[in-house]
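Down below is the structure, laid out as structure tokens.
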Amino acid sequence: MHFGKQPDKTDSTVKQWVTVANVQNAEKNVDAITFDVFVDNVLLAATELVIDPKSGLLLLRDQTVHFESGDMKVKEEYTFHK
């Protein structure tokens, strides 16, 4: 809730409000996907996901989120232990 109001787009229109475009493989030798995230038709973020080809698990999320005041870079690396 924000100032006593319900969150935005809880009326099932979120699929039109948040969209993904420009989906493609980043490199042929790595299982990676890149894509852009749009909110209300405005580019909000550029994202790369790297997936382990053996396990299918996510290894890396590298994202740049665009704000009016500047960009925020997010990089998360994942490791899995047996």
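All of these numbers come straight from a predicted model, not from anything done at the bench.
Rounded to the nearest 0.5 Å, atoms OG1 (Thr19) and CG (Leu44) are 10.0 Å apart. The line from CD of Gln24 to CG of Asp36 is 8.5 Å long, rounded to the nearest 0.5 Å. Put simply, CD1 on Ile33 and CG on Leu58 are 9.5 Å apart, with the number rounded to the nearest 0.5 Å.
Val39 and Leu43 fall into different hydrophobic clusters, defined by Ile, Leu, Val, Met, Phe, Trp and Tyr side-chain heavy atoms under 4.5 Å apart, directly or through other members. Cluster membership check: Val42 does not share its hydrophobic cluster with Phe35, using side-chain heavy-atom separations under 4.5 Å among Ile, Leu, Val, Met, Phe, Trp and Tyr. No path of Ile, Leu, Val, Met, Phe, Trp and Tyr side chains, each step under 4.5 Å between heavy atoms, connects Phe38 with Val65, placing them in separate hydrophobic clusters.
Residues meeting the side chain to side chain donor-acceptor pair (under 3.5 Å) test with Lys73, sequence neighbours left out: Thr64. When the side chain to side chain donor-acceptor pair (under 3.5 Å) test is applied to Glu76, the partners found at least two apart in sequence or on another chain are Arg61, Tyr78.
The heavy-atom pair separating Ala46 from His66 by the smallest distance is N-NE2, 4.4 Å.
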Query raised in the report: When you look at Thr34 and Asn22, which way does the side chain to side chain contact (heavy atoms under 4.5 Å, CB included) test go after all the steps?
Result: CA-CA 8 Å; Thr34 60; Asn22 307 319; over 6 Å; no

